[in-house]
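Here is the structure we will look at.
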Amino acid sequence: MSAHRIATLLRDQPLGTTVTVNGWIRTRRDAKGFSFLEVNDGSCLANLQVIVEASLPNYEAEIARLATGCAVRVIGELASSPAKGQAVELKASEITVYGWADPESYPLQKKRHSFEFLRTIAHLRPRTNSLGAVARVRSTLAHAVHDFFRERGFFLVHTPIITTSDCEGAGEMFTVTGLDLDQPPKREGRVDFSRDFFGRRTSLTVSGQLEAEIYALALGNVYTFGPTFRAENSNTSRHLAEFWMIEPEMAFCDLADDIDVAEALLKHLVGCALTECREDLGLFARFIDQGLIARLENVLARPFIRLPYSEAIEQLKVSGHDFEYPVAWGLDLQSEHERFLTETIFKQPVVVIDYPKAIKAFYMRQNDDNRTVAAMDILFPGIGEIVGGSQREERYEVLLARLTDAGLPLADYQWYLDLRRFGSARHAGFGLGFERIIQFVTGMANIREVVPFPRTPGSAGF
RNA sequence: UCCCAGGUAGCUCAGUCGGUAGAGCUGGUGGCUGUUAACCACCCUGUCGGGGGUUCGAGUCCCUCCCUGGGAGCCA
């Protein structure tokens with residue numbers, strides 16, 4: 001049964017034609033001798049208004065009992081609407097009820113709910129205007145990510161979910177095991193992972209970066225876009241234990257090139273949302289964040305500020321602002337510092353580069369000053385860090401020294417060092433948290449609303 | 001994980017000095033109406049987050065655990 005999608009009908013408005021629509025009832029309003037139904041099929045934010053005359057055979061028995069949430073098929077003629085509020089409406093000639101929804105027990109009401117409550121009914125929340133809009137934006141942007149890289153000749157690499165490598169500094173990892181947790185094999189008092197499924201301890205990936213480097217040094221430009229897992233006990237509006245990350249890795253590329261790509265990607269995604277998701281963004285601009293559209297356009301308006309860490313420290317110092325945490329060269333930037341840079345000083349995205357090497361990961365390329373590394377963080381107003389990246393250390397001896405200084409087991413990184421022994425080349429990459437960009441684009445305050453089924457400490461329902 | 005604020009009807013919340021609970025909305029019934037978060041009238045709904053304690057008596061005070069929100073840390 002091929003049905004018409006409401007988004008298409010509202011766009012093309014084929015007046016006078018008979019169409020079939022499958023969807024869910026949002027509300028029913030009764031008038032004298034007929035009823036109004038609002039039907040939504042998920043294809044767009046807008047509902048289709050359906051006019052049902054009381055003369056339909058199942059009017060008394062079924063139509064008059066339709067309530068929010070019922071699944072229906074409507075066949076009828078599309079006509080221009082005589083009243084304000086909608087351009088077209090569907091004059092029903094036949095309505096079939098696929099599935100009832102008892103209004104006494106159906107949790108969704110035809111009024112606004114708190115996002116907190118909707119989270120407890122994650123199986124029903126995509127049927128709301130706002131969560132449905134988020135889902136459409138998320139899908140659109142996921143495709144836009146692939147479009148962006150494909151147009152630029154990047155290859156998509158599927159890096160492993162189960163891994164033995166620990167991308168240092170990326171946080172706590174979830175262990176993956178097939179062992180009987182009630183009776184784990186032990187050796188010298190500790191769990192003996194050599195008898196586990198893979199013969200050694202394995203975890204869920206915290207980053208595909210190291211594996212992406214392998215493919216960048218073979219195919220040139222590559223990217224990964226997949227789930228990422230962090231076992232950090234983070235309880236904030238911008239952290240998930242399971243999230244999706246985009247990680248490009250580019251050979252023969254330095255930090256400046258890296259930032260160029262990241263900036264272009266962010267602008268591509270924001271621009272794409274503005275042009276392809278206008279109706280859904282309109283909902284967010286009305287009910288979530290009045291300044292949303294202006295903030296998105298501000299991102300596209302001019303080049304991002306590129307600011308060396310040392311200058312950022314100076315800017316913060318001379319601002320005269322009284323910060324809770326100290327500002328000094330060598331200390332990491334705190335949230336309040338990042339926010340002050342993007343929201344008060346520059347009022348636009350800021351890329352901080354060349355951080356002290358002591359506060360950054362071992363794989364970041366050491367600069368000639370011997371005290372900073374070619375790292376960059378892109379800070380967005382309201383979101384904070386949205387991208388973190390660096391030029392990678394491609395020099396064998398320097399990398400070896402960094403690994404040794406960090407006290408990391410060299411045996412585990414032999415293959416990583418090998419990349420620097422055989423045909424090494426400068427390369428760079430970054431990580432973009434997919435949910436963070438969706439948060440920015442939709443204005444949603446909590447990251448748990450921009451992923452269908454959020455996994456956070458103490459919560460993995462559905 | 002730390003600091004702060006919360007958890008009361010299906011939802012959003014009020015509840016005074018400790019005396020076993022209310023409102024609006026939703027829903028139901030009736031009316032009205034080319035309506036559109038419809039409108040008008042009436043009606044239903046409670047393990048006051050879980051456990052323990054103080055007290056003649058606890059939604060209210062104390063302890064503890066769980067969860068949520070805001071901020072912080074960690075990061076994307």
Side-chain angles (χ1 to χ4, degrees), chain A residues 26-39 46-53 65 67-69 79 81-86 89 91 101-121 124 128-129 167-172 206-209 225 227-247 262 266 286-287 324-325 332-336 338-339 359-361 377-380 383-389 430-440 445-448 450-451 456-459 461:
Chain A
R26 283 295 176 77
T27 76
R28 189 195 85 233
R29 293 180 296 272
D30 297 326
K32 198 172 185 64
F34 65 103
S35 292
F36 297 96
L37 302 177
E38 296 276 344
V39 177
N47 303 324
L48 180 64
Q49 176 164 286
V50 177
I51 311 297
V52 197
E53 297 290 342
R65 289 170 48 218
T68 307
S81 179
K84 286 181 185 170
Q86 60 284 316
E89 61 189 25
K91 294 195 173 303
D102 174 20
E104 297 264 16
S105 49
Y106 186 62
L108 288 174
Q109 303 169 174
K110 51 181 181 184
K111 60 167 199 167
R112 292 177 74 181
H113 285 292
S114 66
F115 289 119
E116 198 178 325
F117 168 69
L118 291 176
R119 240 177 266 150
T120 68
I121 49 167
L124 297 171
T128 63
N129 286 337
C167 199
E168 181 255 357
E172 296 292 312
V206 292
S207 167
Q209 180 202 316
F225 183 7
T228 307
F229 308 87
R230 306 263 168 100
E232 290 290 332
N233 191 6
S234 295
N235 293 288
T236 79
S237 57
R238 53 192 181 283
H239 286 87
L240 292 166
E242 176 183 296
F243 63 100
W244 287 65
M245 187 154 63
I246 298 142
E247 295 180 286
L266 289 167
R286 265 198 315 277
F287 295 115
E324 190 182 341
Y325 287 87
D332 209 353
L333 296 176
Q334 303 293 312
S335 284
E336 58 169 344
E338 296 179 346
R339 257 189 282 119
I359 58 174
K360 288 292 182 182
D377 283 351
I378 300 184
L379 311 177
F380 263 31
I383 296 282
E385 185 180 341
I386 197 164
V387 163
F430 62 85
L432 166 63
F434 187 51
E435 284 78 9
R436 295 239 174 120
I437 187 69
I438 300 173
Q439 255 192 294
F440 182 76
N446 198 309
I447 200 166
R448 297 168 202 208
V450 300
V451 64
T456 52
S459 175

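Labels below follow one simple rule: chain letters A, B, ... track the order of the sequence lines, proteins then strands, and each chain is numbered from 1.
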- d(CG, Leu333(A); P, C75(B)) in whole Å: 12 Å
- Message: When you measure only distances, ignoring hydrogens and angles, does the side chain of Gln109(A) come within 3.5 Å of the base of G10(B) through a donor and an acceptor?
- Response: yes
- Message: Is there a side-chain contact between Arg119(A) and the phosphate of G69(B), meaning an N or O under 4.0 Å from OP1 or OP2?
- Response: yes
- Message: I'd like the C1' distance from U16(B) over to G22(B), given in whole Å.
- Response: 14 Å
- Message: So which atom in Ile378(A) and which in Phe380(A) form the shortest heavy-atom distance, rounded to 0.1 Å?
- Response: CG2-CE1, 3.9 Å
- Determine the contact category for Glu38(A): base if any of its heavy atoms lies under 4.0 Å from a base atom, sugar-phosphate if only primed atoms, P, OP1 or OP2 are that close, otherwise nothing. base
- Query: Does a donor on one side chain sit under 3.5 Å from an acceptor on the other, for Thr228(A) and Arg230(A)?
  - Reply: no
- Message: Could you tell me how far A41(B) sits from U33(B) if I compare only their C1' atoms? Round to whole Å.
- Response: 15 Å
- Message: With a 4.0 Å cutoff (strictly under), does any side-chain N or O of Lys110(A) reach OP1 or OP2 of A38(B)?
- Response: yes
- Of all the choices, G73(B), A38(B), C75(B), which nucleotide is nearest to the side chain of Arg230(A) once you look at every atom? C75(B)
- Glu172(A) CD to C74(B) C1': how many Å, rounded? 10 Å
- Task: Using a 4.0 Å heavy-atom cut-off across all strands, classify Gln86(A) as base, sugar-phosphate, or nothing.
- Result: base
- Message: I want to check one thing: is the phosphate of A72(B), taken as OP1 and OP2, less than 4.0 Å away from some side-chain N or O of Gln334(A)?
- Response: no
- Distance in angstrom units between His239(A) NE2 and U68(B) P, rounded: 16 Å
- Assign the ring pair Phe34(A) / Phe36(A) to parallel, tilted or perpendicular, where the plane angle (0 to 90°) is split at 30° and 60°. perpendicular
- Against the side chain of Ser114(A), the closest entry in G71(B), C11(B), C75(B) is C11(B)
- Query: Are any side-chain N or O atoms of Glu336(A) and backbone N or O atoms of Glu324(A), one a donor and one an acceptor, separated by less than 3.5 Å?
  - Reply: yes
- Message: Of the listed nucleotides (C25(B), G73(B), U12(B)), which one gets closest to any side-chain atom of Tyr325(A)?
- Response: G73(B)
- Item | Polar side-chain contact Asp30(A)-U33(B) base: donor and acceptor under 3.5 Å | no
- Message: Give me the distance, rounded to whole Å, that separates C13(B) from G52(B) when you measure between the C1' atoms they each carry.
- Response: 29 Å
- Note on the structure: Of the listed A38(B), C74(B), U68(B), the closest approach to the Arg448(A) side chain comes from U68(B)
- Please give, in whole Å, the distance from U26(B) C1' to His113(A) NE2? 8 Å
- Item | Same-atom distance (C1') from A72(B) to A9(B), integer angstrom | 36 Å
- Query: Base, sugar-phosphate, or nothing for Phe243(A), non-hydrogen atoms under 4.0 angstrom?
  - Reply: base
- Could a donor-acceptor pair under 3.5 angstrom be found where the side chain of Glu89(A) meets the base of G34(B)? yes
- Between Thr68(A) (side chain) and Arg26(A) (backbone), is there a donor-acceptor pair under 3.5 Å? yes
- Quiz item: Glu232(A) side-chain donor-acceptor pair to U1(B) base, under 3.5 Å: no
- Query: Asn446(A) side chain N/O closer than 4.0 Å to the phosphate oxygens (OP1, OP2) of G69(B)?
  - Reply: yes
- Stepwise salt bridge (charged side-chain N to carboxylate O under 4.0 Å, His left out) check, Lys91(A) with Glu53(A): CA-CA 8 Å; Lys91(A) 294 195 173 303; Glu53(A) 297 290 342; 5.6 Å; no
- If we take the P atom in both A38(B) and U45(B), what is their distance in whole Å? 26 Å
- Task: Heavy atoms only: give me the nearest His239(A)-Thr456(A) pair and the separation to one decimal.
- Result: O-CG2, 4.0 Å
- Task: Enter the distance from Gln49(A):CD to Arg29(A):CZ here, rounded to the nearest 0.5 Å.
- Result: 6.0 Å
- For Pro103(A) and Lys91(A), take the nucleotide of RNA chain B holding the closest heavy atom to each; which residue's nucleotide lies nearer the 5' end? Pro103(A)
- Could you give me the stems involving RNA chain B, meaning stretches of three or more consecutive Watson-Crick or G-U wobble pairs whose two defining distances are both below 3.5 Å? B:1-7 with B:66-72, B:10-13 with B:22-25, B:27-31 with B:39-43, B:49-53 with B:61-65
- Item | Spacing of CG belonging to Leu333(A) relative to CG belonging to Asp377(A), to within rounding of 0.5 Å | 8.0 Å
- According to a strict under-4.0 Å criterion, is Ser234(A) in side-chain N/O contact with OP1 or OP2 of G73(B)? no
- Item | Side chain Glu247(A), main chain Gly208(A), donor-acceptor under 3.5 Å | yes
- If you measure from CG on Leu124(A) to CG on Leu108(A), what distance do you get to the nearest 0.5 Å? 5.5 Å
- Task: Rounded off to whole Å, could you give me the CZ-to-C1' distance for the Arg65(A) and G27(B) pair?
- Result: 15 Å
- Please tell me which of Asn233(A) and Ser335(A) maps to the more 5' nucleotide of RNA chain B, matching each residue to the nucleotide holding its nearest heavy atom. Asn233(A)
- Query: Ile51(A) CD1 to U33(B) C1': how many Å, rounded?
  - Reply: 14 Å
Write out a two-atom table: protein N or O, nucleotide N or O from nucleotides 41-49 of chain B, distance below 3.5 Å.
none

- Task: For Leu240(A), answer base if it contacts any base atom (sugar-phosphate contacts may also be present), sugar-phosphate if it contacts only those atoms, and nothing otherwise; contact means non-hydrogen atoms under 4.0 Å.
- Result: base
- Message: Output the rounded distance in Å from CE (Met245(A)) to C1' (C74(B)).
- Response: 14 Å
- Query: Between Ser234(A) (side chain) and Thr236(A) (backbone), is there a donor-acceptor pair under 3.5 Å?
  - Reply: no
- Query: Can you check the Lys32(A) NZ to C39(B) C1' distance for me, whole Å?
  - Reply: 16 Å
- Task: Answer yes or no: does a side-chain N or O of Arg29(A) lie under 4.0 Å from OP1 or OP2 of A38(B)?
- Result: yes
- Taking atom C1' in both G57(B) and A23(B), compute the distance separating them and give it to the nearest angstrom. 27 Å
- Message: Looking at every non-hydrogen atom in both residues, tell me the closest pair between Trp244(A) and Glu435(A) and how far apart they are.
- Response: N-OE1, 3.0 Å
- Looking only at G34(B), A72(B), G70(B), the nucleotide nearest the Ser237(A) side chain is G70(B)
- Could you measure between the two C1' atoms, the one in U60(B) and the one in A21(B), and give it in whole Å? 12 Å
- Using atom P of each nucleotide, how far apart are G49(B) and C32(B) to the nearest Å? 44 Å
